[in-house]
Amino acid sequence: MPELPEVEVTRRRIAPRLVGRRIRRVRTTSDSYLFLTPPSRLRRGLAGRVVESLERRGKYLLAALDGGGLLVIHLGMTGQLFAEGASSVRLLSATARASLSPESQPGFRPDAHTHLRLSFEDEGCAVYLRDVRKFGKVLLLAPGERHPRLERLGEDALAVRGASLFRATRRRAVAIKSVLLDQSLIAGVGNIYADESLHLAGVRPTRRAGRVTRRECDAIAEGLRRVLRRSIETGGASISDYVGPDGADGSYQDERRVYARTGAPCPSCAAPIRRIVIGQRSSHYCPRCQR
Ligand SMILES: [Zn+2]
């Protein structure tokens with residue numbers, strides 16, 4: 001599943017192919033749960049518009065359009081946003097790379113999974129949204145229009161600070177790990193980043209959120225930003241929850257301190273890493289370093 005770093009890597013790579021270009025024609029597949037805005041309205045609403053910027057909030061990509069309005073894209077589990085003729089397999093999720101890397105194959109032709117095709121006035125490369133499992137989302141917002149999916153997103157994980165984490169955790173009886181994964185508090189934190197940042201901060205994932213100190217909140221926030229930035233640097237693609245057959249591909253795999261390292265020695269103290277389940281998600285921690 002694309003996590004925040006993977007979405008950010010996608011944003012950085014696709015932005016130069018989108019921003020400043022006027023959309024000429026929009027082709028879609030037929031209506032499905034992928035389209036929060038019906039395809040016919042999407043086609044009408046996007047044609048003739050210029051993409052002014054491409055931002056990210058949590059795991060959502062937000063393309064601002066001239067005259068206001070926003071094209072919102074979520075990559076879901078297997079979504080791929082790429083330009084015609086793009087050569088980097090890094091644009092793809094681990095899942096997709098394990099099976100197929102369409103844009104790495106010369107002469108990729110949009111297939112049944114290519115749900116959105118944007119062609120431009122400048123007749124340059126088209127931009128495709130391809131999603132095999134269709135858990136992604138496409139939404140077109142009118143100027144000023146709001147949507148609960150975006151409204152309920154918390155602060156972006158790359159911007160999170162100890163002070164806001166401290167405020168959010170006061171009087172909370174749930175595990176700190178659950179708070180970190182709550183997208184309405186912090187947008188974009190996946191399982192791996194939560195585990196890694198808690199290890200960096202020396203806080204056990206089961207600790208009651210309300211018992212985490214201000215100083216520890218600072219350390220967790222700093223740890224989160226550090227692991228997210230680092231995974232963006234390493235390309236993002238191979239460090240999601242999903243580890244495919246090609247999982248060893250990303251260098252971040254080798255940098256994991258606790259995540260999915262059950263029984264392996266803690267990099268700080270060599271105690272065996274433990275695994276527990278919190279809120280149906282597996283959590284990994286060092287019983288000696290994390291209290
Ligand atoms: Zn340790």
Side-chain angles (χ1 to χ4, degrees), residues 1 3-6 8 94 155 157-170 172-183 185-244 246-291:
M1 179 190 287
E3 297 286 349
L4 184 151
E6 205 166 350
E8 177 62 17
E155 189 177 10
L158 266 184
V160 78
R161 290 288 182 269
S164 52
L165 185 58
F166 186 70
R167 273 196 307 276
T169 50
R170 289 315 86 190
R172 295 285 303 272
V174 295
I176 181 66
K177 171 73 183 279
S178 302
V179 170
L180 295 183
L181 293 179
D182 181 346
Q183 301 295 302
L185 292 173
I186 308 173
V189 179
N191 210 20
I192 181 170
Y193 309 108
D195 282 4
E196 295 292 303
S197 62
L198 287 170
H199 184 267
L200 286 168
V203 175
R204 202 172 282 208
T206 48
R207 175 102 67 89
R208 247 172 196 260
R211 306 291 289 266
V212 178
T213 67
R214 173 60 211 267
R215 183 175 287 191
E216 286 169 334
C217 284
D218 286 344
I220 294 168
E222 193 195 318
L224 268 179
R225 296 195 305 272
R226 180 170 146 193
V227 293
L228 288 168
R229 282 206 200 103
R230 180 64 192 146
S231 58
I232 291 167
E233 277 168 26
T234 58
S238 59
I239 51 157
S240 54
D241 280 6
Y242 178 88
V243 180
D246 62 342
D249 183 36
S251 55
Y252 194 84
Q253 295 288 84
D254 310 327
E255 296 178 26
R256 281 174 297 130
R257 301 167 69 86
V258 289
Y259 183 78
R261 293 189 66 243
T262 312
C266 167
S268 305
C269 75
I273 299 300
R274 282 190 196 158
R275 176 185 177 276
I276 43 162
V277 174
I278 301 171
Q280 291 156 354
R281 306 291 298 272
S282 58
S283 293
H284 310 81
Y285 70 97
C286 171
R288 202 178 291 165
C289 297
Q290 293 172 260
R291 301 284 167 181

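Keep in mind the model is a prediction, meaning the values are calculated, not measured. Both ligands and their constituent atoms are indexed starting at 1 by order of listing.
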* Begin from the C-alpha positions of Leu165 and Leu180 and carry the test side chain to side chain contact (heavy atoms under 4.5 Å, CB included) through to its verdict. => CA-CA 9 Å; Leu165 185 58; Leu180 295 183; 4.0 Å; yes
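- Legend: protein N/O/S atoms lying under 2.8 Å from the Zn ion (ligand 1), waters omitted, number 4.
- Asp195 has no carboxylate O lying under 4.0 Å from a charged side-chain N of Arg257, or vice versa, which leaves the two without a salt bridge.
- Ion pairing between Glu233 and Arg230 holds under the 4.0 Å rule for side-chain N and carboxylate O.
- With hydrogens and angles disregarded, no donor-acceptor distance shorter than 3.5 Å links the side chain of Arg215 to the backbone of Val212.
- At least one side-chain heavy atom of Arg261 sits less than 4.5 Å from a side-chain heavy atom of Arg256.
- Contact annotation: the side chain of Glu196 approaches that of Val258 to within less than 4.5 Å [non-hydrogen atoms, C-beta and beyond].
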